[in-house]
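See structure below.
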Amino acid sequence: MSTINRQIRLAARPVGEPRPTDWEHVEEQAAQPGDGEFLVQVLCLSIDPAMRGWMNAGRSYIRPVEIGEVMRAGAVGRVVASRHSGFAVGDHVSGTFGVQEYCLSDGRGVTKVDPAAAPLPTYLGTLGMSGLTAYFGLIEVGRPEPGQTVVVSGAAGAVGSVVGQIAKILGCRVIGIAGGEAKCRMVVDEFGFDAAIDYQSEDVRKALREHAPDGVDVYFDNVGGDVLDAVLLRLARGARVVVCGAISQYNSTKPQGPANYLSLLVNRASMTGIVVFDYADRYAEGIAQMAAWRAEGRLKSLEDVVSGSVAEFPDTLMRLFRGDNRGKLVLKIAD
């Protein structure tokens with residue numbers, strides 16, 4: 001079998017927003033599996049804010065994507081050739097396959113998924129890394145208790161929308177922060193948050209005083225910047241701040257750190273980062289629980305699926321930083 005594999009590789013490390021010249025479009029023959037290997041046709045790519053950080057050099061929680069390397073991406077696909085005893089042709093699988101049409105794998109880090117149980121994009125969102133980040137970040141780091149107030153930024157996004165729903169399942173009062181009237185309406189009407197704050201048109205500090213008069217017990221931060229500073233001023237005593245991301249800062253050439261961090265001291269609060277890879281040995285637990293909530297109708301999943309080709313990856317990635325997506329952003333490159 002001779003198959004062309006189209007790829008997107010990192011050509012340069014971006015300064016500020018990624019530009020077209022930061023990417024290289026490559027075509028090569030797809031590799032054929034040897035003993036203990038299988039070939040995956042990539043069907044859907046996960047588009048995540050973390051990708052911007054992976055493009056930078058320097059120490060982080062995961063090694064950077066190197067210049068000339070296929071851009072890292074989670075994906076779901078279908079096995080089209082196999083010499084691996086654990087994976088058969090026709091199996092649907094999830095793994096870090098990269099921004100390309102075909103990926104050769106030895107099975108490490110690859111999980112079988114069932115398209116009859118949930119649509120394939122859901123395995124990149126609620127039943128994938130986004131959902132697991134929300135689950136372990138909220139439950140293990142945020143440690144919410146029934147009746148407490150949980151605030152979530154990026155509330156209409158892949159992680160934030162799941163965080164808020166889980167907090168409601170756990171009996172909390174939940175306030176979402178999102179950009180635009182439509183997203184705020186969706187956060188309340190579709191995801192069941194108690195209230196939403198539009199950071200584009202409202203004074204976040206004033207709105208927090210109204211919606212969280214007794215303070216914020218858990219803040220799940222996906223955006224950083226001014227929103228983080230506003231929430232820090234409303235912390236309750238013993239509050240937990242979960243640092244998941246800072247999308248407002250990723251393309252900034254002068255990143256803004258928290259100015260109001262002394263609120264942590266005053267309120268005997270904590271600020272802790274969540275990296276989902278730390279919970280790899282518990283992924284099955286998290287997915288099983290979220291799948292059960294989903295089957296019961298208590299946890300909704302929303303995927304924003306863009307149909308196209310790998311060539312459209314650079315433009316699709318920028319939708320995240322423009323705030324154009326609702327829920328989990330997925331690039332579908334094949335049926």
Side-chain angles (χ1 to χ4, degrees), residues 43-54 72-76 94-96 99 113 118-139 141-142 150-169 174 176-180 182-184 186-188 190-193 196 199 220-224 227 242-248 250 273-277 279 283 286-287 289-291 293-294 298-307 313 316-332:
L43 303 178
C44 295
L45 293 167
S46 177
I47 310 299
D48 300 293
M51 288 174 157
R52 181 60 186 83
W54 300 341
R72 180 185 297 130
V76 290
S94 173
T96 306
V99 184
V113 299
L120 289 179
T122 302
Y123 291 103
L124 298 176
T126 303
L127 299 182
M129 288 300 174
S130 298
L132 289 168
T133 299
Y135 180 87
F136 290 112
L138 179 66
I139 292 176
V141 182
V150 175
V151 173
V152 187
S153 60
V159 175
S161 61
V162 177
V163 169
Q165 292 181 84
I166 295 175
K168 286 298 296 181
I169 291 170
V174 183
I177 302 175
K183 285 186 177 181
C184 287
M186 179 180 69
V187 162
V188 174
E190 295 188 30
F191 296 131
F193 288 44
Y199 72 84
F220 198 105
D221 185 33
N222 290 301
V223 302
V227 171
V242 184
V243 182
C244 179
I247 195 170
S248 72
Y250 290 160
I274 164 65
V275 175
V276 71
F277 305 142
Y279 300 90
Y283 285 173
I287 290 175
Q289 179 61 81
M290 288 186 290
W293 285 334
R294 185 175 179 274
R298 304 174 73 190
L299 181 62
K300 296 181 179 179
S301 56
L302 176 64
E303 293 83 37
D304 188 343
V305 180
V306 177
S307 295
F313 165 76
T316 306
L317 177 64
M318 293 310 299
R319 289 187 57 171
L320 289 174
F321 304 108
R322 295 194 300 264
D324 291 346
N325 65 297
R326 297 184 184 182
K328 174 64 186 178
L329 184 58
V330 174
L331 176 59
K332 179 181 177 182

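Only this structure's heavy atoms are used, side chains among them; waters, hydrogens and symmetry mates stay out.
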Test item: [X] and [Y] side chains (from C-beta on) under 4.5 Å apart, heavy atoms:
X: Leu302; Y: Arg326; answer: yes
X: Val99; Y: Leu45; answer: yes
X: Ile247; Y: Asn222; answer: no
X: Leu320; Y: Arg52; answer: no
X: Val159; Y: Cys244; answer: yes
X: Met51; Y: Arg72; answer: no

Given side-chain contact (heavy atoms from CB on, under 4.5 Å), test Tyr283 with Met129 step by step and report yes or no.
-> CA-CA 9 Å; Tyr283 285 173; Met129 288 300 174; 3.5 Å; yes
I need the [X] [atom1] to [Y] [atom2] distance, nearest 0.5 Å.
X: Lys168; Y: Leu299; atom1: NZ; atom2: CG; answer: 14.0 Å
X: Arg298; Y: Ile169; atom1: CZ; atom2: CD1; answer: 5.0 Å
X: Asp48; Y: Trp54; atom1: CG; atom2: CH2; answer: 5.5 Å
X: Thr126; Y: Trp293; atom1: OG1; atom2: CH2; answer: 12.0 Å
X: Thr316; Y: Leu331; atom1: OG1; atom2: CG; answer: 4.5 Å
X: Ser94; Y: Leu43; atom1: OG; atom2: CG; answer: 11.0 Å

Taking all non-hydrogen atoms of both residues into account, name the closest pair between [X] and [Y] and its distance.
X: Cys184; Y: Ala178; result: SG-O, 3.8 Å
X: Pro119; Y: Arg294; result: CD-NH2, 3.6 Å
X: Ala156; Y: Ser161; result: C-CB, 4.5 Å
X: Asn325; Y: Gly327; result: ND2-O, 3.1 Å
X: Thr133; Y: Ile274; result: O-CG1, 4.2 Å
X: Ala118; Y: Leu127; result: CB-CD1, 4.1 Å

Any donor-acceptor N/O pair, Glu303 side chain to Leu329 backbone, under 3.5 Å |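 No, Glu303 side chain to Leu329 backbone: no donor-acceptor pair under 3.5 Å.
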For Lys332, does its backbone N or O pair with a side-chain atom of Ser307 as donor and acceptor, under 3.5 Å?
->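 No, the answer is negative, given that no donor and acceptor are paired below the 3.5 Å cut-off.
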Between Tyr250 and Phe321, how do the two ring planes meet: parallel, tilted or perpendicular, split at 30° and 60°?
->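 Rings of Tyr250 and Phe321: perpendicular, as their planes differ by over 60°.
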Between Val113 and Leu120, does a side-chain contact (heavy atoms from CB on, under 4.5 Å) hold up when you go through it step by step?
-> CA-CA 8 Å; Val113 299; Leu120 289 179; 4.0 Å; yes
Applying side-chain contact (heavy atoms from CB on, under 4.5 Å), run through Val76 and Leu124 and close with a yes or a no.
-> CA-CA 7 Å; Val76 290; Leu124 298 176; 3.9 Å; yes
Do you know which of Pro121, Ser46, Ser301 makes side-chain contact (heavy atoms from CB on, under 4.5 Å) with Lys328?
->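 Only match with Lys328 under side-chain contact (heavy atoms from CB on, under 4.5 Å): Ser46.
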Side chains of Ser153 and Asp221: donor-acceptor distance under 3.5 Å anywhere?
->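 Judged by distance alone, the side chains do pair up.
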Please report the C-alpha distance between Tyr135 and Val163 in whole Å, then the side-chain angles of each, then the deciding distance to 0.1 Å, and finally whether the side-chain contact (heavy atoms from CB on, under 4.5 Å) criterion is met.
-> CA-CA 7 Å; Tyr135 180 87; Val163 169; over 6 Å; no
